[in-house]
Amino acid sequence: MNHSAPAHIAARPVPPALLQHPPRRILLCQLRQIGDVLLSTPAVEMLHRRFPEAELHYFTEKKCLPVLQGNPYLHTLWGVDKKKLTTLWHEIAFYRSVAASGFDMVIDFQQLPRCRWVVGFSRAAIRLSFPPPWYTRPLYTHWYEEGEGYSAGQKAGILRGLGLEWQGERPRLFLTEDERHTAAAMLAEYGLPCTPFPGREQATGPLPARIAPNQPFFITIDATHRRETRRWPAAHYAQLMDGMVAQFPGCHFLLPYGPGEEEEVHALRALCQCKKQIVVPSAMLSLRAMAACMTFAAAHLGNCSAPRHMAVALGVPTMTLLGATGTEWTFPSPEHMDMRLGLPCQPCDQNTCPIGIACLNTLLPQQVLPQVVEYMHQFVVAG
């Protein structure tokens, strides 16, 4: 996530005098990925508090829109649909239409080419981002270094150029009651327990243990990832899940999946001895349907990908197995735990590995299970 800029490029914050007249419309730009867009929602909340009368618009890819829908702080969502923007002229026309909304401020978290088109067309008095390279510097009026630590705090660090400081706000994902009811009905059809966790999304500190030792519950498992350096082996997941059921007989698992991953999760289920306690949805869940199901989960366990950030946004405790990625993706609160070997090469942030992905392949279920059991007793299962 960290964007590197030459050390000689000093920060250029927005002068307070330029903010004497609050902006009427603000555009935030973050095209991808789904998890990164979700991690920008603390910045959305911070901007709303600072400029409560301003319309906040968001420019992203169409696939990312679901995690922003229903956000009460956002006025308008602009989604890039690559299937419709088939020519450069179609793209330029769309970017001009976004910029024509009359923004007083544009905040670019990414500086990808599509973002730069909108920034350039906007003519906003304030065009804020992280320090840009020399060849795009004329597009921006102000810049500030990203923050440190947790990834959402890094993104929000740009807002220090406006005098705003990240105070530990976590990502937010807003669901409707209808979405929750639909998810509960689906889970009931699959025979999964629908334990409600009232107020969990509003919690700001560690969550108390809520499940009685003999009470059934389920955990969402995110065992897939398109990058091998971020995907714990399926055989490891199978052994871990069997071990968890041996420790917690009431434990069930829900294995959602993305496009093209159905066979992968069915293969994982086939490796498990506890098949009767594993549910693979008969059809791929939408992002929002998966999120609604998560609200009834006792915890989330999986790889470093978007579902873990969705769980954090919903107040669901998380356990994440780390390979190529670092701990900056873990929300800094005890109910969000990551597990890794801590090899000298970690984190490498690479998509391929010349040494056989030792960070994941040699992180064995026998090493992970005791950590998971301890975690479950601390945050999930009472007694």
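Both backbone and side-chain heavy atoms feed into the values below; hydrogens, waters and symmetry mates do not. Computed from a predicted structure; not experimentally measured.
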Quiz: residues 70-79 side-chain donor-acceptor pairs under 3.5 angstrom, not counting sequence neighbours:
{"unit_1": "Asn71", "atom_1": "OD1", "unit_2": "Tyr73", "atom_2": "N", "d": "2.9"}
{"unit_1": "Trp78", "atom_1": "NE1", "unit_2": "His57", "atom_2": "ND1", "d": "3.1"}

Do any side-chain atoms of residues 237-256 form donor-acceptor pairs under 3.5 angstrom with protein atoms, and if so which ones, sequence neighbours left out?
{"unit_1": "Tyr237", "atom_1": "OH", "unit_2": "Asp222", "atom_2": "O", "d": "3.4"}
{"unit_1": "Tyr237", "atom_1": "OH", "unit_2": "Asn303", "atom_2": "N", "d": "3.3"}
{"unit_1": "Tyr237", "atom_1": "OH", "unit_2": "Asn303", "atom_2": "OD1", "d": "2.8"}
{"unit_1": "Asp242", "atom_1": "OD1", "unit_2": "Gln273", "atom_2": "N", "d": "3.0"}
{"unit_1": "Asp242", "atom_1": "OD1", "unit_2": "Cys274", "atom_2": "N", "d": "3.0"}
{"unit_1": "Asp242", "atom_1": "OD2", "unit_2": "Gln273", "atom_2": "N", "d": "3.1"}
{"unit_1": "His252", "atom_1": "ND1", "unit_2": "Phe217", "atom_2": "O", "d": "3.4"}
{"unit_1": "His252", "atom_1": "ND1", "unit_2": "Gly250", "atom_2": "O", "d": "3.0"}

Audit row: Met319, His300, side-chain contact (heavy atoms from CB on, under 4.5 Å) steps and yes/no: CA-CA 6 Å; Met319 300 169 279; His300 173 78; over 6 Å; no

Taking it one step at a time, do Arg114 and Glu91 satisfy salt bridge (Lys or Arg N to Asp or Glu O under 4.0 Å)? CA-CA 9 Å; Arg114 289 184 174 90; Glu91 287 198 63; 3.3 Å; yes

Please determine whether side-chain hydrogen bond (donor to acceptor under 3.5 Å, both in side chains) holds for the pair Arg308 and Thr320, giving the CA-CA distance in whole Å, both sets of side-chain angles, and the decisive distance to 0.1 Å. CA-CA 7 Å; Arg308 73 178 294 202; Thr320 307; 3.2 Å; yes

Just do the side-chain hydrogen bond (donor to acceptor under 3.5 Å, both in side chains) check on Thr330 and Asp338 with the steps written out, would you? CA-CA 7 Å; Thr330 302; Asp338 55 49; 2.6 Å; yes

side-chain contact (heavy atoms from CB on, under 4.5 Å) assessment of Val44 paired with Tyr58: CA-CA 9 Å; Val44 172; Tyr58 203 109; 4.2 Å; yes

Could you go through Arg127 and Ser122, starting from their C-alpha distance and side-chain angles, then the distance that decides it, and tell me whether this counts as side-chain contact (heavy atoms from CB on, under 4.5 Å)? CA-CA 9 Å; Arg127 302 188 296 278; Ser122 72; 3.7 Å; yes

For salt bridge (Lys or Arg N to Asp or Glu O under 4.0 Å), just list the numbers for Arg180 and Glu177, CA-CA rounded to whole Å, side-chain angles, deciding distance to a tenth of an Å, and then say yes or no. CA-CA 5 Å; Arg180 296 175 196 273; Glu177 286 304 311; 3.5 Å; yes

Checking side-chain contact (heavy atoms from CB on, under 4.5 Å) for the pair Leu47/Leu56: CA distance, chi angles, key distance, verdict? CA-CA 8 Å; Leu47 284 167; Leu56 299 185; 4.2 Å; yes

Can you list the steps and then say if Thr224 with Glu261 is a side-chain hydrogen bond (donor to acceptor under 3.5 Å, both in side chains)? CA-CA 7 Å; Thr224 61; Glu261 297 174 342; 2.9 Å; yes

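Ion pairing between a basic and an acidic side chain is recognised when a charged N comes within 4.0 Å of a carboxylate O; Asp104 and Arg25 show no such pairing. Salt-bridge annotation for Arg24 and Glu53: absent, with no side-chain N of the basic residue lying under 4.0 Å from a carboxylate O of the acidic one.
For the pair Ile26 and Glu55, the minimum side-chain heavy-atom distance is 4.5 Å or more. Contact annotation: the side chain of Trp329 never approaches that of Leu322 to less than 4.5 Å [non-hydrogen atoms, C-beta and beyond]. With contacts defined as side-chain heavy-atom distances shorter than 4.5 Å, the pair Asp36/Leu31 does not qualify. Residues Cys29 and Val106 meet the side-chain proximity criterion, which asks for heavy atoms closer than 4.5 Å.
For the side chain to side chain contact (heavy atoms under 4.5 Å, CB included) test with His142, the passing option among Ile158, Ile107, Leu162, Leu18 is Leu18; the others fail.
Both Trp89 and Val118 are part of a single hydrophobic cluster, where members link through side-chain heavy atoms under 4.5 Å apart. Hydrophobic clustering (ILVMFWY, side-chain heavy atoms < 4.5 Å, transitive): Val119 and Leu88 are in one cluster. If you chain together hydrophobic residues whose side chains sit under 4.5 Å apart, Ile357 and Met339 fall into the same group. Residues Ile219 and Trp232 fall within the same hydrophobic cluster, defined by Ile, Leu, Val, Met, Phe, Trp and Tyr side chains chained together at heavy-atom separations under 4.5 Å. Grouping the Ile, Leu, Val, Met, Phe, Trp and Tyr side chains by contacts below 4.5 angstrom, directly or via other members, places Leu301 apart from Leu364.
Dense packing is recorded around CD of Gln367, with more than 12 heavy atoms of other residues, nucleotides or ligands lying under 6.0 Å away. More than 12 heavy atoms of other residues, nucleotides or ligands sit less than 6.0 Å from atom NE2 of His266. Crowding of Lys84 atom NZ: a count of heavy atoms from other residues, nucleotides or ligands under 6.0 Å not exceeding 12. In this structure, Glu263 places its CD atom where only 12 or fewer heavy-atom neighbours from other residues, nucleotides or ligands lie under 6.0 Å away. Counting non-hydrogen atoms of other residues, nucleotides and ligands closer than 6.0 Å to CZ of Arg96 gives a total of 12 or fewer.
Remark: the Ser333 side chain and the His336 side chain contain no N/O donor-acceptor pair separated by less than 3.5 Å. For the residue pair Gln111/Ser129, the side-chain donor-acceptor check at 3.5 Å is satisfied. Between His225 and Ser305, the side chains place no donor N or O within less than 3.5 Å of an acceptor N or O (distance only, hydrogens not considered).
In this structure, His236 and Asn361 approach most closely via the heavy-atom pair NE2-O, 2.9 Å. When every heavy atom of Gln346 is checked against every heavy atom of Gly323, the shortest pair comes out as NE2-O, 3.0 Å.
Residues passing the ring-ring contact (aromatic ring centres under 6.0 Å, His included) test with Tyr144, sequence neighbours excluded: none.
Phe331 contributes atom CZ, which lies 12.5 Å from atom NE2 of His309 (distance to the nearest 0.5 angstrom). With rounding to the nearest 0.5 Å, the separation of CZ in Arg288 from CZ in Phe174 is 10.0 Å.
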